[in-house]
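All values derive from a computational prediction rather than experimental measurement. First the proteins, then the strands, lettered A, B, ... as listed; each starts at 1.
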Amino acid sequence: MPELPEVEVVRRGLAPRTVGRTITALEVLDARSLRRQDGGEDRLRALLVGRSMTAAARRGKFLWWRLAEADGAESGEALLAHLGMSGQLRLVTPGGPDPQRHRRVSLTLDDGARVDFIDQRLFGGLWSSDLVEAADRRLAALGSPDALLPVDAAHIARDLLDPALDLAEVARTLRGRRRAVKSLLLDQGIVSGIGNIYADEALWAARVRYDTPGSALSQRTALALLRAARAVMERALDVGGTSFDALYVNAQGEPGYFARSLAAYGREGEPCRRCGRFIERAISQGRSSHYCPRCQRSTGVTRKDAE
DNA sequence: CGGGCCCTGGAT
DNA sequence: ATCCAGGGCCCG
């Protein structure tokens, strides 16, 4: 399921073939993928056709293109995409493979290539969003030329690959909450880009149990956990992300290879790669958590929690 | 802050 | 036929 590494792989695949190109047509095969578009298909078409893409940026799991008029002036809007859990953005070149299954929206570019939005489960979408300045006025995201970002992504915190992220501050935020640490890692308003897979992997790497209250973490452990999350996502990025099946592929239609390196996610009943104990699975907040019952421990409760 | 919902298709 | 997967958002 596309989390930060997978979305970044897609961004890197799309950027060189889309930035600098002009959109010549919009084809909508399933309007449900435009659910979040004000004014629907007609308005999106009016905003896109004849505009060029000037940058491909990403914050957390949100990906967007900056748009400019024919004369090069910025339009003040971005084309925003979220892959949900089964979305793909695929580059289709004339004569190349042409995926039809679950194709929902296509953009045609002035070199004849197409960008297809494919989405089996329809949790993702494509829509336009006005640009606003990031609250901290720093570079908005990876791939962004300035501090502007789509208003519909402005509530999303910076992610662990963002040079402007203040790691110590995020660690302090985790420690200021009493919710389970996994729920905090998944909260895109605290730190973005982490989903169920990389949350379980980061917790395993840092030896922290999913249900440890944030307030029970030391600053040192909270920092170690965030660094573990960053490290596992960087390793996944290096091998093209995590693919379990055909649901996640890059812009060229190729899978990633990180599934074979997972230590916790999806490994219920298999031996822990550190200590050999069987990985267990627990349901919490409607999601499964995979963890090693021996080497992932609750760091215990703080005095405050014991009261 | 937890739970339901949006969706489809593959597994049971 | 029913269950389950899950990101984000909305509801209470």
DNA chain B: 5'-proximal contact among R179(A) and R287(A) (nearest heavy atom):
R179(A)
Any ring pair (Phe, Tyr, Trp, His ring centres under 6.0 Å) involving residues 171-191 of chain A? Give me the pairs, sequence neighbours left out, ordered by first then second residue.
none
State which residues pass side chain to side chain donor-acceptor pair (under 3.5 Å) with D98(A); sequence neighbours excluded, sorted by chain then number.
Q100(A), R114(A)
For R11(A), which residues count as a side chain to side chain donor-acceptor pair (under 3.5 Å) partner, sequence neighbours excluded?
E8(A)
Would you list the pairs meeting ring pair (Phe, Tyr, Trp, His ring centres under 6.0 Å) in which at least one residue belongs to residues 139-195 of chain A, sequence neighbours left out?
none
Regarding R177(A), tell me which of base, sugar-phosphate or nothing describes its non-hydrogen contacts under 4.0 Å with the strands shown.
nothing
Check the distance between dG3(B)'s P and I283(A)'s CD1 and give it to me in whole angstrom.
12 Å
W65(A) and T18(A) side chains, donor-acceptor separation under 3.5 Å:
yes
Nearest whole angstrom, please: distance from the P of dG4(B) to the CD of Q285(A).
13 Å
Reckon S288(A) touches a base, only the sugar-phosphate, or nothing at all at heavy-atom distances under 4.0 Å?
sugar-phosphate
Ring pair (Phe, Tyr, Trp, His ring centres under 6.0 Å): which pairs involve residues 198-221 of chain A, sequence neighbours left out?
Y210(A)-Y291(A)
On DNA chain C, reading 5' to 3', which nucleotide is the first and which the last to sit with an atom under 4.0 Å from a heavy atom of chain A, could you check?
dA5(C) to dC9(C)
Residue whose closest nucleotide on DNA chain C lies nearer the 5' end, R281(A) versus L186(A):
R281(A)
Within this structure, what is the CG-to-C1' distance between L247(A) and dC7(B), rounded to whole angstrom?
12 Å
Hits for side chain to side chain donor-acceptor pair (under 3.5 Å) against H82(A), two or more places apart or cross-chain, chain-then-number order -> none
Within the sub-3.5 Å range, which N or O atoms of nucleotides 8-10 of chain B have a protein N or O partner, and how far apart are they?
residue	atom	partner	partner atom	Å
dT8(B)	OP1	R32(A)	NH1	2.8
dT8(B)	OP1	R32(A)	NH2	3.2
dT8(B)	O2	R121(A)	NE	3.4
dG9(B)	OP1	H102(A)	NE2	2.8

I need the residues from residues 55-67 of chain A with at least one non-hydrogen atom less than 4.0 Å from DNA chain C; give them sorted by number, or say none.
K61(A), F62(A)
Not counting sequence neighbours, list each pair that qualifies as a ring pair (Phe, Tyr, Trp, His ring centres under 6.0 Å) and has a residue in residues 217-245 of chain A.
F244(A)-Y265(A)
Who pairs with K182(A) by salt bridge (charged side-chain N to carboxylate O under 4.0 Å, His left out), at least two apart in sequence or on another chain?
D200(A)
How about D116(A) and S106(A): does a side-chain donor come under 3.5 Å of a side-chain acceptor?
yes
Listed by chain and number, what are the side chain to side chain donor-acceptor pair (under 3.5 Å) partners of E133(A), not counting sequence neighbours?
R137(A)
